[in-house]
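Everything below concerns the one structure shown next.
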Amino acid sequence: MRKDDAAMDEALRAKTAALQANDDETGDGRIDLADLKHQLDRLEAQLALQDRQNRTLLRNQRLRMAVGGAVLVLVCVLAVVLFFYTRQAYEQVLQASAQVNELAATLQNSLNTLDTAQLDQMMQAMPEIVDQLSKIDVDALNEVLNELPGVLDSVQKLQQDMDQLRSWFTGLGSLFGG
């Protein structure tokens, strides 16, 4: 047991000597106020370094938080814009659907008012009408449509002239007849 105690005492002395050797900053073999001053200076330098590192970390964290907040705000704004345009598109689809429904109802009402015999007759005449429409010369039709206002003006002028002649003959007939 004494061997074990002696070995433990020796290990403790060696450990204490190693610790004291590390504490001897000046290298003079003893721990004194100069050694403590050197240790204090080293600790202050380490604390200053840690302080700079901590400040840099805090600044980076604040920057990350600000960027994260800006990204969050941007995502929220984009979500609101997307919701707004989606809502507008949805309302337009609803309006278009309502118009289609109105047209379908009008068409159904029109079909309901038709006699089935008339409807059958119209459906049988449809191929003939399509055949006749396919034979129409589009250029000639466009030319006729372009000339139509002039023709209508001429017809209206002719109608006015006829009305004047009728009134003249009526006036002449009342002179001789009456």
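Heavy atoms only: backbone and side chains are in, while hydrogens, waters and symmetry mates are out.
Both V73 and V81 are part of a single hydrophobic cluster, where members link through side-chain heavy atoms under 4.5 Å apart. The hydrophobic clustering, which links ILVMFWY residues whose side-chain heavy atoms are closer than 4.5 Å, places V67 and L58 apart. Follow the hydrophobic side-chain contacts under 4.5 Å out from Y85 and you reach V77 in the same cluster.
In summary, of the residues considered (L78, V71, L72), a side chain to side chain contact (heavy atoms under 4.5 Å, CB included) with L74 occurs for L78 alone.
Considering CD of Q53 and OG1 of T56, their distance stands at 7.5 Å, rounded to 0.5 Å. Distance CD/Q108 to CG/N112: 4.5 Å, rounded to 0.5 Å. Taken to the nearest 0.5 Å, the CG atom of D131 stands 10.5 Å off from the CD1 atom of I136. Distance CZ/R64 to CG/L57: 8.0 Å, rounded to 0.5 Å. Note: Q50 CD to L43 CG = 9.5 Å, rounded to the nearest 0.5 Å.
In E147, the CD atom is not crowded: 12 or fewer heavy atoms of neighbouring residues, nucleotides or ligands sit closer than 6.0 Å.
With respect to D153 and K157, no salt bridge is recorded, no charged nitrogen being found less than 4.0 Å from a carboxylate O.
For D41, the side-chain hydrogen bond (donor to acceptor under 3.5 Å, both in side chains) partners are K37, not counting sequence neighbours. The salt bridge (Lys or Arg N to Asp or Glu O under 4.0 Å) check on D51 picks up R55, with sequence neighbours excluded.
A heavy-atom distance below 4.5 Å is found between the side chains of S97 and V93.
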